[in-house]
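Quick notes on the structure that follows.
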Amino acid sequence: MTAFDLDTALFTSAQARAIDRRAIDGLGIPGFELMTRAAAAAFAMLRRRWPGLRRLRVVCGTGNNGGDGYLVARDALANGLAVDVVALGPPRSVDANSARAAFEALGGTVLPLSAWPGLPPADVVVDAIFGTGFDRAPEGEGREAIEAINASGLPVFALDVPSGLSADTGASPGVAVRAAATATFIVHKRGLHTHRAELAGEVELQPLDLPRDVLEAPDAWLMVASSLPPRPKDSHKGSNGHVLAIGGDHGTGGAIRMAAEAALRAGAGLVSVATHEENVLAMNAARPELMARAVNGPQALQPMLDRASVVALGPGLGQGAWGHALWTTALDMDLPTVLDADGLNLLHAERRSLPAKAVLTPHPGEAGRLLGIETAAVQADRFATARELARRYRAVVVLKGNGSLVASPDGDVSVCPWGNPGMASGGMGDTLTGVIAGLLGQGCDPYRAACLGVALHARAADVAARAGERGLLAGDLLDPLRRLVNGLDS
């Protein structure tokens, strides 16, 4: 198998179970031995994160995740900690039953959930209720246990996956544990890195010393921090791309200006703006480096398209006759194109072929419209949605949101590990459109431009958010973006 970095490789729960099975059947490692390794690694992480820990509460389910919990409790007892174990029922597997017996052999006592209110205060709660295979809304005692954990106000340490969070999709169809940290075993699960992934807190991979030959090709990848290489000394503006940003209907000139300025800050050599006449004066005064021109229809747009090498199409475009005419004319040119906002809404209304090099940047609502499904269905499986959009439109797709995904028509998916809630403000998507367009203009292929653009955009937002997430503006990203694209900031 081709070598890859376990820290960036993402797997489905089915893949994780298959890897477990190969370790047990192919290598002869007993399941109880894997459980013992997982507990030891988790307990070491627990002690590092909470060095003052004195009393531990462990909530165990009936499966092998509960077995991990019993062995963490055993290791805690062996190290002199006070431990309360609450179980939701007897273990259903041989290995989990052995784990419970090992805890009890050290003098540990297993209590029912009903005993929780009378237990002494603990320092940390360990969530060992459900494992990677659980993918539905918790019910019965499982739901009650999760609610009790969250209501306790105590820091929570989850084993493998926070209970109630899908290891595959990052969705939580019902109640879910909100963990401060999660020890995930053998491989990273892709659901811990998108959508409701904040429920996992700080995620740390515990590979459990398994050899590489039990692994398989990952389903997706985490993006890594990178920048563009230094430019040759004989570079000139014409060698770094000419981006044409098209949009800015009445009252929305700011959207296309933000996209255009972001393209400049991402390193495009030239950026022109085709917009309504009412936007030109203000744009030229505020950012004279942008070549803004009034465009009243396709005839006025065509000369600008003839000079451009990349198109950023959609921010503030509107869906009226003016926007539709410019949209059609631009797409007919078959230039590398980033399609966003009303550019996507027009595509929903009028399905058509796209340029050979196209990047679509929908938020979940736009993605749902393009596929004819509800937004909730998009969020229920963001990986499937991104892949289907890329396949159906034969374009690279950026599915925005927490843990933004970039999917290629061939099924490759990368996940962004950066970004923050401050990005939930107007104009962030417009700046992303411009960043990706600027990278396309500098020679990146669409998938590389989308991955690098999403990563730079999110990292710039994280730098800008050091002054606080609330009140973060899209324009605040431009200065850190310039440093990051040049590799000058970490």
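Hydrogens, waters and symmetry mates are skipped; everything else that's a heavy atom, side chains included, is used.
With a 6.0 Å radius and a threshold of 12 heavy atoms from other residues, nucleotides or ligands, Glu204 has its CD atom above the threshold. For Glu198, the CD atom sits in a packed shell: over 12 heavy atoms of surrounding residues, nucleotides or ligands are nearer than 6.0 Å. Environment of CZ in Arg48: crowded, with over 12 heavy atoms of neighbouring residues, nucleotides or ligands closer than 6.0 Å. Atom CD of Glu350 has more than 12 heavy atoms from other residues, nucleotides or ligands within 6.0 Å. Heavy-atom contacts from other residues, nucleotides or ligands closer than 6.0 Å to CD1 of Ile373 number more than 12.
Contact annotation: the side chain of Thr361 approaches that of Val338 to within less than 4.5 Å [non-hydrogen atoms, C-beta and beyond]. The closest side-chain heavy-atom distance from Asn150 to Glu147 is not below 4.5 Å. Using a 4.5 Å heavy-atom threshold, the side chains of Pro355 and Leu331 count as touching. Residues Leu370 and Arg392 have side chains not in contact (no heavy-atom distance under 4.5 Å, counting atoms from C-beta outward). Contact check for Leu478 versus Leu264: no side-chain heavy atoms found under the 4.5 Å cut-off. With a 4.5 Å cut-off on side-chain heavy atoms, Leu440 and Pro446 count as touching. Residues Val177 and Leu165 are not in side-chain contact: their nearest non-hydrogen atoms beyond the backbone lie 4.5 Å or more apart. Between Pro315 and Arg257 there is no side-chain heavy-atom pair separated by less than 4.5 Å.
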Side-chain polar contacts of residues 122-131 - donor-acceptor pairs under 3.5 angstrom, sequence neighbours left out - could you list them?
unit_1, atom_1, unit_2, atom_2, d
Asp123, OD2, Arg54, N, 2.8
Asp123, OD2, Arg55, N, 2.8
Asp127, OD1, Ile129, N, 3.2
Asp127, OD1, Ser163, OG, 2.7
Asp127, OD2, Ser163, N, 2.8
Asp127, OD2, Ser163, OG, 3.2

Per-pair distances, 0.1 Å, donor-acceptor, side chain in residues 265-274, under 3.5 Å, sequence neighbours excluded:
unit_1, atom_1, unit_2, atom_2, d
Ser272, OG, His242, NE2, 2.7

Less than 3.5 Å apart, which donor and acceptor atoms pair up between the side chains of residues 423-431 and the rest of the protein, not counting sequence neighbours?
unit_1, atom_1, unit_2, atom_2, d
Ser425, OG, Leu472, O, 3.1
Thr431, OG1, Met428, O, 2.7
Thr431, OG1, His457, NE2, 2.9

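In this structure, Met304 CE and Arg307 CZ are separated by 6.5 Å, a value rounded to the nearest 0.5 Å. Remark: Leu344 CG to Tyr393 OH distance equals 9.0 Å, nearest 0.5 Å. Taken from CH2 in Trp322 to CG in Asn296, the straight-line distance is 10.0 Å, to the nearest 0.5 Å. How far CD1 of Ile146 is from CZ of Arg178: 13.0 Å, rounded to the nearest 0.5 Å. To the nearest 0.5 angstrom, Leu347 atom CG is 12.0 Å from Asp340 atom CG. Taken from OG1 in Thr329 to NE2 in His324, the straight-line distance is 9.5 Å, to the nearest 0.5 Å.
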(request) Output, in order, the C-alpha distance, side-chain angles, deciding distance and verdict of side-chain contact (heavy atoms from CB on, under 4.5 Å) for Glu366 and His348. (result) CA-CA 9 Å; Glu366 292 163 340; His348 161 63; over 6 Å; no
(message) side-chain contact (heavy atoms from CB on, under 4.5 Å) for Leu228 and Leu452? Distances and angles first, verdict last.
(response) CA-CA 9 Å; Leu228 292 177; Leu452 182 56; 3.6 Å; yes
(request) Kindly determine whether Thr194 and Phe383 satisfy side-chain contact (heavy atoms from CB on, under 4.5 Å), including the steps that lead there. (result) CA-CA 9 Å; Thr194 194; Phe383 289 89; 3.7 Å; yes
(request) Would you check, one step at a time, whether the test side-chain contact (heavy atoms from CB on, under 4.5 Å) holds for Val396 with Asp445? (result) CA-CA 10 Å; Val396 170; Asp445 65 76; over 6 Å; no
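Panel note: side chain Arg190, backbone Leu10; no donor-acceptor pair is recorded below 3.5 Å. Looking at Gln15, its side chain does come within 3.5 Å of a backbone N or O of Ala217 through a donor-acceptor pair. Although no hydrogens or angles enter the test, the distance criterion places no donor-acceptor pair under 3.5 Å between the side chain of Thr252 and the main chain of Ala255. The closest donor-acceptor contact from the side chain of Trp221 to the backbone of Thr8 lies at 3.5 Å or more, if one exists at all. No side-chain donor-acceptor contact under 3.5 Å links Asp381 to the backbone of Ala377. Of the possible polar contacts, none joining the Asp342 side chain to the Gly314 backbone as a donor-acceptor pair under 3.5 Å is found. No side-chain donor-acceptor contact under 3.5 Å links Thr182 to the backbone of Thr184. A side-chain donor-acceptor contact under 3.5 Å links Asn420 to the backbone of Gly422. When atom types are taken as modelled, the side chain of Arg196 and the backbone of Thr169 share no donor-acceptor pair closer than 3.5 angstrom. Distance alone, capped at 3.5 Å, places no donor-acceptor pair between the Gln442 side chain and the Ala449 backbone.
Ring planes of His250 and His276: parallel class, angle under 30° (limits at 30 and 60°).
The two residues Val280 and Ala292 have their closest heavy-atom pair at CG1-O, 3.7 Å. For Ala181 against Met45, the heavy-atom pair with the smallest separation is CB-CE, 4.0 Å. Scanning all heavy atoms of the two residues, the minimum distance from Ala171 to Ala380 falls at CB-O, 4.1 Å. Annotation for Ser166 and Asp135: closest pair OG-OD1, 2.8 Å, computed over non-hydrogen atoms. Nearest heavy atoms, Gly248 versus Thr275: O-OG1, 3.1 Å. Scanning all heavy atoms of the two residues, the minimum distance from Ala437 to Val310 falls at O-CG1, 3.7 Å.
The residue from Asp219, Asp160, Asp168 that alone fulfils the salt bridge (charged side-chain N to carboxylate O under 4.0 Å, His left out) condition with Lys189 is Asp160.
Seen from the ring of Phe157, Arg49 does not count as a face-on cation partner, given the 6.0 Å and 45° thresholds.
For the residue pair Asn345 / Arg369, a side-chain donor-acceptor distance below 3.5 Å is found, with atom types taken as modelled.
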